[in-house]
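The following block contains the structure, expressed as structure tokens.
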Amino acid sequence: MQLLKDRIRRDGKVREGNVLKVDSFLNHQMDTALFREMGREFKRRFEGEGVNKILTIEASGIGIACAVAEEFGVPVVFAKKTKTKNIAGDVYTVKVESFTHGTVYDVIVAKEFLGSGDKVLLIDDFLANGNALEGLAELVQAAGAELVGAGIAIEKGFQSGGDMIRRKGIHLESLAIIESMDEKTGEIVFREDQK
Ligand code: 5GP
């Protein structure tokens, strides 16, 4: 998606440890006009697949997920990160290792909000090693719901998550795939064969 790639080139900042900061428009301050366009693009890519629920993970996926949900006219559920030891039985739980913090969280969704009748589209801001997305896919499976696919704003193509998710046969659509980025020069190269 050219609009997003242009914005990443203009305002993204490459930091050490393969981290791209997009705080000025995506995951601290949020450009809701850009989110609306992203929502439309995801709608186009997953049109006609019967999506009736969007699932994301707190916190930075929520804004984009809301824009996508608005296009589909369906609710958003966000999985919650918790460190609580005693989790009640009315939730589905998976463990997810955080790319940015290096810690392991329990991630939960109330059974009330995800079930066997649901056709779920996963949405998140970044795809790096794929732990977050894999955790969300496991929650869908635990609920007996159907996984339609996953929509990602920014995939870091030089990390392993994209290949891992595609190998599982999950329909993955990323709006911008970064082939390489250089923390010294700030240069960002995108994968070219993109819609
Ligand atoms: P994964 O589980 O795929 O390794 O990492 C995905 C999660 O880590 C995303 O939900 C996102 O919040 C965070 N993340 C991964 N890489 C980056 C990055 O380069 N920049 C930012 N801002 N967040 C990232």
Side-chain angles (χ1 to χ4, degrees), residues 1 4-5 7-31 34-35 38-39 42 54-69 76-83 93-109 120-141 147 149-191:
M1 184 190 182
L4 178 61
K5 290 198 273 189
R7 192 62 181 271
I8 294 168
R9 269 228 173 81
R10 201 183 81 190
D11 294 333
K13 298 201 165 41
V14 184
R15 296 286 187 249
E16 63 177 82
N18 286 327
V19 171
L20 177 69
K21 293 282 265 186
V22 286
D23 282 5
S24 65
F25 62 96
L26 200 117
N27 53 21
H28 194 9
Q29 177 168 262
M30 299 189 285
D31 182 339
L34 174 65
F35 282 19
M38 289 164 55
F42 282 126
I54 308 295
L55 179 65
T56 188
I57 184 164
E58 67 174 351
S60 47
I62 296 175
I64 301 165
C66 287
V68 181
V76 185
V77 177
F78 66 94
K80 297 188 175 195
K81 295 171 181 169
T82 170
K83 285 180 177 155
T93 311
V94 291
K95 290 201 184 305
V96 172
E97 189 180 333
S98 156
F99 174 83
T100 35
H101 301 109
T103 49
V104 177
Y105 296 91
D106 281 315
V107 174
I108 63 164
V109 168
V120 182
L121 174 60
L122 308 178
I123 294 288
D124 206 1
D125 58 343
F126 273 92
L127 176 58
N129 295 323
N131 295 321
L133 214 48
E134 195 177 26
L136 290 176
E138 283 171 26
L139 286 171
V140 171
Q141 196 177 19
L147 181 59
I152 293 290
I154 306 173
E155 176 181 338
K156 292 188 292 182
F158 53 88
Q159 291 179 273
S160 60
D163 285 348
M164 186 263 287
I165 295 294
R166 290 184 179 95
R167 259 200 315 274
K168 285 175 183 279
I170 295 172
H171 175 192
L172 173 64
E173 294 281 347
S174 301
L175 301 186
I177 303 181
I178 297 177
E179 205 58 83
S180 66
M181 54 188 204
D182 187 324
E183 67 187 63
K184 291 200 179 68
T185 61
E187 193 195 6
I188 297 170
V189 177
F190 292 100
R191 193 171 291 178

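Just so you know, ligand 1 is whichever comes first in the structure, and atom 1 is the first atom listed for that ligand.
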Passing candidate, side chain to side chain contact (heavy atoms under 4.5 Å, CB included) with L26, options I64, D11, L20, D31: I64

Distance from atom 23 (N) of ligand 1 to nearest protein heavy atom, with residue and atom: F126 CD1, 3.5 Å

Based purely on interatomic distance, does D124 place a nitrogen or oxygen under 3.5 Å from a nitrogen or oxygen of ligand 1? yes

For ligand 1 and K156, I'd like to know whether there is a polar contact (N/O to N/O, distance under 3.5 Å). yes

Would D106 and K81 pass as an ion pair if we require N to O under 4.0 Å? no

Considering all heavy atoms, the nearest I188-R9 contact: O-NH2, 3.3 Å

Least distance between heavy atoms, I152 atom then D125 atom: CG2-O, 4.0 Å

I'd like to know if the side chain of K156 reaches the main chain of N18, judged simply by a donor and an acceptor atom lying under 3.5 Å from each other, with no hydrogens or angles considered. yes

Under 4.0 Å to a heavy atom of N131 - the qualifying atoms of ligand 1, by number: 1 (P), 2 (O), 3 (O)

Under 4.0 Å from one or more heavy atoms of N27, ligand 1 contributes atoms 22 (N)

In ligand 1, the atoms that come under 4.0 Å of a heavy atom of L20 are 18 (C), 19 (O), 20 (N), 21 (C), 22 (N)

Against heavy atoms of S60, which atoms of ligand 1 measure under 4.0 Å? 12 (O)

Report yes or no: does L133 have a heavy atom closer than 4.0 Å to ligand 1? no

Candidate with minimal heavy-atom separation from atom 3 (O) of ligand 1, of A132, S160, G12, G130: G130

Count the heavy atoms of every other residue, nucleotide or ligand shown that sit under 6.0 Å from CD of Q141, and state whether that count exceeds 12. no

Residue pairs meeting side-chain hydrogen bond (donor to acceptor under 3.5 Å, both in side chains), one or both in residues 175-184, sequence neighbours left out, come to E179-R191

Which residue and atom name correspond to the protein heavy atom nearest atom 9 (C) of ligand 1, and how close is it? D125 OD1, 3.5 Å

Give yes or no for whether the N/O distance cutoff of 3.5 Å, strictly under, is met between V19 and ligand 1. no

Can you name the one residue among V96, I57, L127 that meets side chain to side chain contact (heavy atoms under 4.5 Å, CB included) with L133? L127

Tell me: protein heavy atom nearest atom 4 (O) of ligand 1, and distance? N129 N, 2.8 Å

Nearest to atom 15 (C) of ligand 1, what protein heavy atom do you find, and at what distance? F99 CD2, 3.2 Å

Below 4.0 angstrom from a heavy atom of N18, which ligand 1 atoms are there? Numbered from 1 as shown, please. 19 (O)

Tell me if the CE atom of M30 is crowded by more than 12 foreign heavy atoms within 6.0 Å. no

